[in-house]
Structures are given as C-alpha cells and as structure tokens.
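Worksheet: one structure, shown below.
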Amino acid sequence: MRKIVIDTDPGIDDAIAILLALSAREELELLALTTVSGNADIDKVTKNACKVLELAEREDIPVYKGCHKPLMRERIEGDDFHGDDGLGNVHLADPVKKEEEESAVDFLIQKAHEEKGKLTLVPIGPLTNIAQAIRRDPEFVECIEEVVIMGGAENGGNMSPHAEFNFWSDPEAAKLVFQAGFKKVTMIGLDATGWVFLSPTLRELLYLINTPVSRFMHDITRVYADDHWKIEKKLGCELCDVLTTAYLLDPSVVETVDAFVDVETSGLCDGASVVYRTLYYPDKTQNCTVAVKADTKKFYEIFFGYLFPDYKDIALNMM
Ligand code: RIB
Ligand code: CA
C-alpha cells in the first residue's frame with residue numbers, strides 16, 4: 001500500500017485522476033488532497049476537490065487549501081478550458097464537505113515528517129505548494145519517497161510552443177522543485193500524456209456504463225473535448241493528470257529516460273522544461289526520470305480495470 005498526497009487544481013483531468021486513485025483501494029492510500037490555484041482560482045479548485053470526494057463518497061479524506069498565486073508572480077487568470085466552474089460546467093451542488101483549517105503547505109510539511117520517507121507526492125497542478133514547503137522546511141525534501149509530477153515536456157507545450165500549463169503557471173516553483181534534490185522525481189509530461197486520449201467511443205462507453213462516477217466523467221469531459229476540437233481539431237480529450245495515477249499503479253505504462261531537467265523562468269521560452277537525457281549529456285547530473293511515451297492500451301486496461309472492471313474487455317476491444 002503506497003501512501004500518497006495528490007496536490008491538485010481540479011480541473012477536469014485532475015478529478016478523473018483522483019477518482020482513479022480512489023478506486024485502487026488495495027494499492028494506494030490517498031491521505032489527503034492539497035489544492036493549488038491553476039485551472040481555476042484557489043477557492044474554486046478547493047470546492048471542486050471537496051465535490052469530487054463527495055461524489056466518490058470519500059468525505060473522510062481531508063482537503064487542505066493551498067497557494068492562491070504563484071511563488072513570485074501574479075496569477076494569470078486561467079481561460080475557461082476547464083469550464084467556468086473548473087469542472088466542465090457540470091455545476092455540481094455546493095459540497096457539504098469543507099476544507100481543513102490547516103494550510104496545504106503546513107500539512108505537507110507535517111505529514112512529510114510524520115511519514116518520514118514513506119510518502120509519495122503527486123503534484124498534478126502548478127508546483128507552488130511543493131516549492132513553498134521546500135523553502136519553509138530544510139528537511140522536507142529528505143522526508144519524501146518520490147515525487148510524481150504531471151507537467152512539462154521534452155518536446156512541445158500547450159501554453160506556448162515550449163511550455164506546458166503547470167510549469168508555465170509557476171516556472172520559479174517548477175525550477176525549485178527540480179533543483180531541490182528529492183530522492184526520486186518522475187516527470188510525466190506531454191510527450192507521454194499525448195498517448196492517453198479519451199476517444200469519443202470510450203467517452204460514450206462511460207455514458208452507457210451509467211454509474212454516478214462514469215456519468216460524471218462523461219459529462220465533465222464534454223467541454224474538454226469541445227476545446228480540443230476547437231483548438232487542435234482533435235477528437236476527444238487528453239487525460240494528462242490521469243496518467244500519473246496509472247503510473248503509480250503500473251510504472252510500465254510509460255517509457256522513461258534518465259534526465260537532468262531545468263525550467264526556464266524568463267523570455268521567449270518562459271516555463272519550458274529543458275530535458276537533458278543523461279545518455280546524451282553525461283556531464284549533467286540526473287535529477288529525475290522523464291516519461292517520453294505511454295502505452296495507450298495498458299493505460300485503458302488500468303483505467304477500466306480499476307474503475308469499471310466489468311467493462312474492461314469491452315473497452316479494450318473498442319481500441
Ligand atoms: O498541461 C496539463 C495540465 O494542465 C494538467 O494538470 C491539467 O489539469 C492542466 O492543469
Ligand atoms: Ca491539473
């Protein structure tokens with residue numbers, strides 16, 4: 001059983017990543033959600049985190065509210081790529097569940113010391129909370145077993161030709177995280193997440209499975225799919241954050257390379273992750289492994305196998 005904290009800005013794909021993690025009750029112990037502004041403002045993403053836990057009937061899991069703005073910049077008001085409610089405009093009822101009094105950064109530091117070396121952080125939004133914990137507590141890094149990040153890219157970007165949203169939102173935080181010296185960092189960026197698209201066929205299957213969770217996933221991805229079509233003329237939507245959860249359940253779902261990663265914090269390529277594969281740049285000291293490809297079929301085997309096991313074979317036969 002792996003103890004994890006998901007640091008998140010729900011967010012359509014965040015919500016699905018959290019639901020997949022909750023479905024793997026034998027493999028993952030989700031200790032808490034910590035929220036960070038990104039896809040929507042901090043109040044909205046915190047409320048959305050509570051909504052997702054209520055939908056999953058896991059109100060027992062605490063939510064800790066995090067940073068409302070990047071480490072050293074003003075927050076750029078996100079466009080409504082995730083809907084004006086941050087969850088695909090499904091406008092779930094306001095949650096009864098409330099976030100804890102303690103801040104996300106205070107919680108992360110306290111829990112890191114409590115779990116000393118047995119805690120995996122799974123940041124799937126901007127890295128502001130993680131960076132603040134590093135700055136606040138010199139022992140924080142040593143206490144963490146692994147950091148599995150959705151963010152960055154070896155090639156490409158989605159906020160500029162070279163910058164991915166989570167790193168673009170707070171480049172200074174991302175830079176600090178890669179410099180911090182964590183024991184194990186796995187970066188799951190766009191090179192890998194581009195292989196995990198929810199096709200219209202599989203999205204329709206979610207509708208037909210007809211459970212509260214499957215219908216929620218179907219409904220919140222409508223806006224996401226519309227935007228993918230509008231911007232990229234691609235059918236379906238990229239399940240970026242969900243690949244981090246699939247990696248936790250089966251690391252062989254991605255192909256990785258050893259690398260040294262640094263993040264640009266100014267200029268034309270602001271927010272870009274520069275990936276030096278140590279095979280090609282032996283003078284660079286490895287600080288992470290980078291996922292450079294994902295096995296689409298294996299991803300959906302995990303996704304449907306944990307969430308909707310009765311439909312796994314049907315889903316795989318549709319691919
Ligand atoms: O670039 C993808 C990332 O940006 C994901 O975390 C998604 O939720 C958006 O925030
Ligand atoms: Ca996210």
| request: Can you sort out the partners of E204 under salt bridge (Lys or Arg N to Asp or Glu O under 4.0 Å), two or more places apart, ordered by chain and number? | output: none

| field | Heavy-atom side-chain proximity of L307 to I209 below 4.5 angstrom | value | no

| task | Any chance you could lay out the side-chain contact (heavy atoms from CB on, under 4.5 Å) test for V45 and T8, step after step, and finish with the verdict? | result | CA-CA 8 Å; V45 297; T8 177; over 6 Å; no

| message | I'd like to know if the side chain of K44 and the backbone of D84 have a donor-acceptor N/O pair within less than 3.5 Å. | response | yes

Could you pull out every donor-acceptor pair under 3.5 Å between side chains of residues 259-268 and any protein atom, sequence neighbours left out?
from: D262; atom 1: OD1; to: K175; atom 2: NZ; distance (Å): 2.9
from: D262; atom 1: OD2; to: K175; atom 2: NZ; distance (Å): 3.2
from: E264; atom 1: OE2; to: S266; atom 2: N; distance (Å): 3.2

| request: Could you point out which residue of V5, I61, V122 forms a side chain to side chain contact (heavy atoms under 4.5 Å, CB included) with L30? | output: I61

| message | Does anything in residues 47-62 form a salt bridge (Lys or Arg N to Asp or Glu O under 4.0 Å)? List the pairs, not counting sequence neighbours. | response | K47-D94, R58-D60

| query | Do R136 and D106 meet the salt-bridge criterion of a basic N to acidic O distance under 4.0 Å? | reply | yes

| request: Could you check if a side-chain atom of E238 sits within less than 4.5 angstrom of a side-chain atom of L190, using non-hydrogen atoms only? | output: yes

| task | Could you grab the distance from atom CD1 of I16 to atom CZ of F303, nearest 0.5 Å is fine? | result | 6.0 Å

| query | Under the 3.5 angstrom rule, does the side chain of N48 hit a backbone N or O of D85 as a donor-acceptor pair? | reply | yes

| query | Quick one: ring-ring contact (aromatic ring centres under 6.0 Å, His included) partners of Y311, sequence neighbours excluded? | reply | none

| message | Any side-chain to backbone donor/acceptor pair from D9 onto G11? Under 3.5 Å, distance only. | response | no

| query | Can you tell me if R75 uses its side chain to pair, donor with acceptor, with the backbone of G38 under 3.5 Å? | reply | yes

| Between K111 and E114, is there a salt bridge with N-O shorter than 4.0 Å? | yes

| Hey, is R277 close enough to E154 for a salt bridge, meaning N to O under 4.0 Å? | yes

| From H218 NE2 over to N210 CG, what is the distance, rounded to the nearest 0.5 angstrom? | 11.0 Å

| Around atom NZ of K230, are there more than 12 heavy atoms of other residues, nucleotides or ligands at under 6.0 Å? | no

| message | Let me confirm one number: the OG1-CG distance from T193 to L243, rounded to the nearest 0.5 Å. | response | 7.0 Å

| query | Are the side chains of K297 and W195 in touch, meaning some heavy atoms are under 4.5 Å apart? | reply | no

| Crowding at NE2, H162 (>12 non-hydrogen neighbours, <6.0 Å) | no

| query | Given L108 and I130, is the side-chain contact (heavy atoms from CB on, under 4.5 Å) satisfied, shown in steps? | reply | CA-CA 8 Å; L108 285 168; I130 312 300; 4.2 Å; yes

| query | Is it the case that more than 12 heavy atoms not belonging to M72 sit under 6.0 Å from its CE atom? | reply | no

| What class does the angle between the rings of Y300 and F304 fall in, given that below 30° is parallel, 30 to 60° is tilted and above 60° is perpendicular? | tilted

| ILVMFWY cluster, L206 and F197 together (side-chain gap under 4.5 Å) | no

| query | When you measure from the side chain of E115 to the backbone N and O of K118, does any donor-acceptor pair fall under 3.5 Å? | reply | no

| Sequence-distant partners of D258, side chain to side chain donor-acceptor pair (under 3.5 Å), two or more places apart | Q286

| query | Is there a path of hydrophobic side-chain contacts, each under 4.5 Å between heavy atoms of I, L, V, M, F, W or Y residues, that connects L248 with M187? | reply | no

| query | Are the side chains of L198 and M217 in touch, meaning some heavy atoms are under 4.5 Å apart? | reply | no

| request: Scan for ring-ring contact (aromatic ring centres under 6.0 Å, His included) pairs involving residues 45-75, sequence neighbours excluded, and state none if there are none. | output: Y64-F107

| request: Would you check if the side chain of H82 reaches a backbone N or O of A40 as a donor-acceptor pair within less than 3.5 Å? | output: no

| request: Please round to the nearest 0.5 Å and tell me the distance separating atom SG of C240 and atom OH of Y224. | output: 4.5 Å

| task | Say whether, by atom type as modelled, one donor and one acceptor occur between the side chain of D191 and the main chain of N155 under 3.5 angstrom. | result | yes

| Donor-acceptor under 3.5 Å (S273 side chain, A153 main chain) | yes

| message | Any non-hydrogen side-chain atom of V147 less than 4.5 Å from a side-chain atom of P123? | response | yes

| said: Does F308, at its CZ atom, have more than 12 non-hydrogen atoms belonging to other residues, nucleotides or ligands within less than 6.0 Å? | reply: yes

| query | With side chains defined as the heavy atoms from C-beta onward, is the minimum distance between F140 and F182 less than 4.5 Å? | reply | yes

| Under 3.5 Å donor-acceptor, N166 side chain and G152 backbone | no

| task | Side-chain contact test, heavy atoms from C-beta onward, threshold under 4.5 Å: evaluate it for V242 versus F299 and give yes or no. | result | yes

| query | N317 side chain to D313 main-chain N or O, any donor-acceptor pair under 3.5 Å? | reply | yes

